[in-house]
Amino acid sequence: MSVTRTGPLPAGADATYDVVVVGAGVVGSAIARTLARHPLRVALVEAANDVGDGTSKANTAILHTGFDAEPGTLEARLVREGHRLLSSYAQETGIPVEPVGALLVAWDEQQRAALPRLAAKAGRNGHHTTGLLTAGELQAREPHLGPGALAALDVPGEAVICPWTTTLAYATQAVRSGVDLHLGCRVEKVIPGDPHHRLVTRRGVLRTRHLVNACGLHADAFDALVGREDFTVTPRRGQLLVFDKFARDLVRHILLPVPGPLGKGVLIAPTVYGNVMLGPTAEDLDDKTATGTTAEGLAGLREQGGRILPALLDEEVTAVYAGLRAATGQEDYRIAAHPALRYVTVGGIRSTGLTASLAIAEHVRGLLADCGLDLGRERPLARLRMPNLGEAFPRPYRDARLIARDPEFGAVVCHCERVTRGEIRAALTSTIPPGGLDGLRRRTRARGGRCQGNLCGAEVRALFEEHTERRKGTR
């Protein structure tokens with residue numbers, strides 16, 4: 001196993017694999033982890049210098065039941081199965097999940113009339129525990145809700161989850177189980193061949209018998225490298241506002257709107273970090289790098305949020321961010337096998353990909369077998385327990401026994417998020433250490449709180465640079 005960020009790739013036999021998965025987001029990392037259960041040489045290749053650095057780091061962080069998916073689609077099946085698999089995996093590995101449930105709120109008569117149809121749709125998707133709430137019942141559930149709400153559909157089973165820890169858990173377990181992770185390794189050219197395809201990257205050439213495209217926003221561009229033009233990805237920007245932890249008592253459930261043609265619409269949800277999130281927008285763009293927020297977009301979110309939860313606007317905004325979803329003009333996943341090429345495309349995954357990730361991985365494993373991959377016998381994966389980033393679970397700064405064993409876990413560095421020196425050290429010396437300060441934030445929450453690093457930034461940076469230099473000195 002290995003993790004590489006810089007320098008030339010291995011040459012010859014060391015650069016030859018049974019499967020190369022391109023794209024180390026939540027889906028690509030899940031696929032690599034699933035393949036690590038077999039006696040295969042697998043590589044996970046990522047253009048960025050960290051895992052989960054694209055769409056996977058900037059989503060609504062909801063573990064969906066799939067109640068509102070289009071029945072009979074591949075997405076509906078994989079989200080339903082993925083919810084079960086990821087719920088179990090999170091419990092096993094320590095990924096923070098809070099099953100807060102969701103309320104689909106109707107604000108006019110047309111929306112109220114749609115609720116029974118949505119309940120019936122949920123039933124066709126195998127979700128039979130939804131229930132209709134009157135305005136009075138809804139007010140009792142969510143006392144801070146704005147005036148004018150007429151009814152709601154109660155959706156038990158919906159949950160909030162840590163998307164950063166999920167992707168990192170998959171990739172870490174994959175690497176510990178024998179997968180080679182090549183970061184900062186953009187694929188610039190694919191030369192199909194038999195028995196091996198050649199992947200020309202900025203750091204050298206990789207050879208592989210089978211190839212998986214998990215490139216997210218760039219899945220169509222990667223398809224073109226192997227001669228496929230099956231769909232076009234349109235980046236759909238979602239801007240979001242994150243409110244301070246003092247807002248957390250204002251909302252008890254995920255508050256969903258009745259879905260519209262561009263997606264699930266603007267929602268309000270608690271986060272596992274103790275904040276409240278408002279968003280996303282839905283803006284179809286041409287630029288796959290346009291992850292900036294706009295004054296117009298954020299003002300629109302505040303206007304809508306003020307109608308849903310008026311008191312929310314009195315709270316401080318901790319952060320704003322934007323993510324890009326991979327829209328393809330089809331309300332289903334674009335997952336396809338091309339046996340003649342020994343190639344699988346995993347595209348068009350959009351916002352439900354986090355939930356469906358483990359089920360997508362199982363599906364892709366089957367498609368690779370259909371492409372002629374001899375999987376061999378299954379073997380156990382390396383055991384894994386992830387650091388907890390969730391407020392509903394014990395954090396190190398409150399763990400007296402841990403602090404007694406190692407006082408560094410009682411030395412708080414980031415006071416907004418209560419991140420300790422021990423947590424930062426553990427992240428910096430982990431299987432997949434962060435490639436930068438943003439990666440460190442996703443592993444620890446350091447610099448992610450109210451002051452956005454103004455108070456702790458210098459010390460966090462010093463710790464990062466010290467450990468980075470130490471790693472370089474041991475190579």
Side-chain angles (χ1 to χ4, degrees), residues 55 58-69 79 83 97-108 111-112 114-115 118 121-122 127 130 133 138 141-142 144-146 148-163 236-244 247-283 293 297-313 315 317-325 327 350-355:
T55 297
N59 58 39
T60 50
I62 294 175
L63 183 57
H64 297 282
T65 59
F67 79 97
D68 58 348
V79 170
H83 182 277
V97 173
E98 289 187 54
V100 294
L103 299 175
L104 195 69
V105 182
W107 296 91
D108 58 41
Q111 291 178 2
R112 176 157 65 176
L115 295 182
L118 288 166
K121 185 179 186 180
H127 194 74
T130 60
L133 302 179
L138 175 58
R141 294 277 197 97
E142 288 289 351
H144 298 284
L145 205 63
L150 302 179
L153 182 67
D154 180 24
V155 188
E158 296 274 306
V160 291
I161 187 171
C162 178
R236 181 169 292 165
R237 181 167 60 188
Q239 301 183 52
L240 299 106
L241 289 162
V242 180
F243 288 84
D244 192 69
R248 180 62 181 82
D249 290 338
L250 295 177
V251 60
R252 302 172 181 175
H253 304 76
I254 302 165
L255 300 179
L256 300 171
V258 176
L262 286 179
K264 300 180 186 300
V266 172
L267 58 87
I268 293 176
T271 75
V272 294
Y273 320 115
N275 302 89
V276 174
M277 182 181 60
L278 167 65
T281 58
E283 313 154 54
T293 57
L298 299 179
L301 287 179
R302 291 183 66 89
E303 181 182 355
Q304 294 184 66
R307 290 197 297 266
I308 300 168
L309 206 68
L312 186 62
L313 299 191
E315 303 296 334
V317 173
T318 296
V320 298
Y321 68 95
L324 299 175
R325 286 119 56 198
R350 304 187 317 282
S351 60
T352 57
L354 171 61
T355 300

Task: Nearest-0.5 Å distance that lies between atom CG in D68 and atom OG1 in T352 - done: 9.5 Å
Task: Donor-acceptor under 3.5 Å (T281 side chain, Q239 main chain) - done: yes
- [ ] Indicate the atoms forming the closest heavy-atom contact of G157 with T65, along with that distance.
- [x] C-CG2, 3.4 Å
Task: Chi angles and distances behind the side chain to side chain contact (heavy atoms under 4.5 Å, CB included) call for R236, E283 - done: CA-CA 5 Å; R236 181 169 292 165; E283 313 154 54; 6.0 Å; no
Open item on the list: Strictly distance-based, threshold 3.5 Å: is any side-chain N or O of T55 a donor or acceptor partner for the main-chain N or O of L324?
Closed with: yes
TODO: Give the C-alpha distance, both sets of side-chain angles, the deciding distance and a yes or no for side chain to side chain contact (heavy atoms under 4.5 Å, CB included) between Y321 and M277.
DONE: CA-CA 11 Å; Y321 68 95; M277 182 181 60; 3.6 Å; yes
Open item on the list: Going by side-chain contact (heavy atoms from CB on, under 4.5 Å), L255 matches just one of L267, L278, L103, L104. Which one?
Closed with: L103
Open item on the list: Any heavy-atom pair between the side chains of V100 and E158 that's under 4.5 Å?
Closed with: no
Open item on the list: If you compare all heavy atoms of T318 against all heavy atoms of D244, which two are closest, and at what distance to 0.1 Å?
Closed with: OG1-CA, 3.2 Å
Open item on the list: Working to the nearest 0.5 angstrom, can you tell me the gap between D154 CG and R141 CZ?
Closed with: 4.0 Å
- [ ] Please name the pair of heavy atoms, one in P156 and one in T130, separated by the smallest distance, quoted to 0.1 Å.
- [x] CD-CA, 4.2 Å
Open item on the list: What's the separation between atom CG in L313 and atom CZ in R302, rounded to the nearest 0.5 Å?
Closed with: 5.0 Å
Task: Distance in Å, E303 CD paired with I308 CD1, rounded so as to fall on 0.5 Å steps - done: 11.0 Å
- [ ] Please step through side chain to side chain contact (heavy atoms under 4.5 Å, CB included) for the pair L354 and I161, ending with a clear verdict.
- [x] CA-CA 9 Å; L354 171 61; I161 187 171; 3.6 Å; yes
Task: Contact check, side chains of L309 and V251, non-hydrogen atoms, under 4.5 Å - done: yes
TODO: Identify the two heavy atoms, one from A247 and one from V276, that lie closest to each other, and give their separation to 0.1 Å.
DONE: O-CG2, 3.5 Å
TODO: Rounded to the nearest 0.5 Å, what's the gap from CD on Q304 to CD1 on I268? Could you check?
DONE: 9.5 Å
Open item on the list: Ignoring hydrogens, what is the shortest heavy-atom contact between R248 and E98? Give both atom names and the distance.
Closed with: NH2-OE1, 3.9 Å
Open item on the list: Please report the interatomic distance CG(L312) to NE2(H144), rounded to the nearest 0.5 Å.
Closed with: 11.0 Å
- [ ] Locate the shortest heavy-atom distance separating L153 from F67; write the atom from each residue and the value.
- [x] CD2-CE1, 4.4 Å
- [ ] Start with the C-alpha gap between L250 and E315, add the side-chain angles, then the distance that decides, and say whether side chain to side chain contact (heavy atoms under 4.5 Å, CB included) holds.
- [x] CA-CA 10 Å; L250 295 177; E315 303 296 334; 4.0 Å; yes
Task: Residue pair S351 / I62, side-chain heavy-atom distance below 4.5 Å - done: no
TODO: For the residue pair R252 and E142, establish whether any side-chain heavy-atom pair is separated by less than 4.5 Å.
DONE: yes
